[in-house]
Number of protein chains: 2
Amino acid sequence: MAGKAEERKQQLIKAAFEAATDKGYEHVTLQDIADYAEVSKGVPNYYFKNKGDVFAHLFEWLTERIFENESAAVDQVETAPEKLQAYLDQVFISPEENRTFYQLYLDFLARIKQDPAYQKINAAFYEHCFSIGRMIVEQGVRDGDFHVHDVEQTAVMIRAMIDGTLLQWLTRQEEDLHGWYRTSCHQGILRLVGAQ
Amino acid sequence: MAGKAEERKQQLIKAAFEAATDKGYEHVTLQDIADYAEVSKGVPNYYFKNKGDVFAHLFEWLTERIFENESAAVDQVETAPEKLQAYLDQVFISPEENRTFYQLYLDFLARIKQDPAYQKINAAFYEHCFSIGRMIVEQGVRDGDFHVHDVEQTAVMIRAMIDGTLLQWLTRQEEDLHGWYRTSCHQGILRLVGAQ
DNA sequence: ATAAATATTTTGACCGGTCAGTATAATTTT
DNA sequence: AAAATTATACTGACCGGTCAAAATATTTAT
């Protein structure tokens with residue numbers, strides 16, 4: 001059945017994710033993916049065009065999952081400042097959880113230039129992120145909590161702030177900075193949106 | 001001579017840089033480096049421990065060059081707002097020049113986790129960047145142009161803003177966004193530093 | 001219901017090719 | 001000539017992708 005094949009694909013994507021978090025994206029071989037999924041070497045090639053195709057699907061899965069988590073977090077509170085807080089709490093959910101996800105995301109970012117498929121997936125992810133930011137800013141302006149000239153620009157800058165902060169936190173492997181980066185990012189964004 | 005060996009190393013690093021901008025970091029082989037330097041295959045291994053060592057030196061060279069350019073730009077003007085402007089003009093100097101440098105930088109960032117040597121080089125680069133930001137913010141506060149509570153935090157957030165913006169611009173390969181990102185980043189930072 | 005036929009999925013050996021690193025020979029420099 | 005440098009050939013490991021055969025599931029025929 002088609003459902004069965006889809007399940008297998010999901011299993012392989014999950015295996016690729018685990019292999020990548022263990023060994024680092026670039027060192028993952030088709031054999032690794034098969035091993036982690038507990039199937040034989042030929043299986044990944046049976047369900048996917050090639051290795052890159054597996055990773056493209058993983059990238060898609062990863063960005064969709066990040067977006068869904070962020071989106072769900074924002075939806076659970078009412079006011080714009082609360083939504084912003086919830087958004088950032090989700091982005092900086094915990095050092096352990098963040099690290100695997102965003103390290104892998106960074107691996108993909110570095111390869112976007114080479115692969116149009118990655119580019120497309122990332123464009124969709126950005127659009128999703130911008131939509132969260134736009135929604136929060138619009139509501140904040142409407143409620144008089146925020147003050148901005150250009151909602152779209154602000155939404156884009158909010159994501160730039162988040163990505164830049166996460167990037168720094170990831171690449172400075174110093175201890176304990178996680179909480180500091182979360183509050184710094186929060187305060188920075190509050191300034192971006194002209195909160196009082 | 002020691003100077004001669006240093007020159008050769010520089011030639012090889014330059015070759016690695018050109019090969020990487022042409023073919024993409026991950027596809028560069030030792031043979032490529034030799035070819036671009038117009039020497040034979042054995043030479044890179046004679047002057048460097050191994051391939052990773054060549055790239056570590058390239059990373060160092062790259063980040064130092066970025067920092068020097070930014071630093072020089074800032075030094076050419078007087079006031080804090082002017083320095084900020086000059087800083088960003090240098091960061092967003094032109095789509096073509098930026099793209100090769102920052103694409104390669106992004107490649108390195110993705111590999112920091114795997115390689116302590118890369119991590120160290122990047123830590124030094126960040127420290128340099130923060131020092132530029134700190135200096136501008138301190139002067140701005142002193143002159144009454146800027147208003148911030150925490151200079152250090154602001155310096156770090158300025159770089160996060162820059163990196164996040166560059167990252168977005170790089171990965172959204174849409175045309176013409178370069179100028180828009182420059183002004184957006186500028187306006188965002190002006191809010192971060194409490195200008196007006 | 002059972003057997004036979006067919007379709008799908010899985011296996012793992014294998015191939016072609018790449019590449020980092022090595023060893024040694026040739027060349028240049030001192 | 002001795003040392004340093006460069007050129008070239010080679011090695012061994014690795015890996016992506018293929019494929020024929022085996023195993024399993026599904027359908028059809030009796």
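In the text below, chain A, chain B and the rest are named by the order of the sequence lines, each starting its count at 1.
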Those residues that, when tested against A:Lys120, pass side chain to side chain contact (heavy atoms under 4.5 Å, CB included) (two or more places apart): none
Contacts of [X] that satisfy ring-ring contact (aromatic ring centres under 6.0 Å, His included) - sequence neighbours left out:
X        : value
B:Phe146 : none
A:Tyr126 : A:Phe130
B:Phe59  : B:Phe108, B:Tyr118
B:Tyr102 : none

Hphob cluster co-occupancy, A:Tyr87 + A:Val77, side-chain heavy atoms under 4.5 angstrom: no
Nucleic acid contacts - residues 19-26 of chain B versus DNA chain D, non-hydrogen atoms under 4.0 Å: none
Inter- and intrachain pairs under salt bridge (Lys or Arg N to Asp or Glu O under 4.0 Å), touching residues 32-44 of chain A, at least two apart: A:Lys23-A:Asp32
Any residue meeting salt bridge (Lys or Arg N to Asp or Glu O under 4.0 Å) with A:Glu174, in chain and number order, not counting sequence neighbours: A:Arg172
Side-chain N or O of B:Tyr46 closer than 4.0 Å to phosphate OP1/OP2 of D:dT6: no
Contact under 4.0 Å: B:Tyr47 side-chain N or O vs D:dT6 OP1/OP2: yes
Under 4.0 Å protein heavy-atom contacts per nucleotide of nucleotides 19-24 of chain C, with B for base, S for backbone only and - for none: SBBB--
B:Phe48 CZ - D:dT5 P separation (whole Å): 14 Å
Rounded distance in Å - CD (A:Glu7) to P (C:dT10): 11 Å
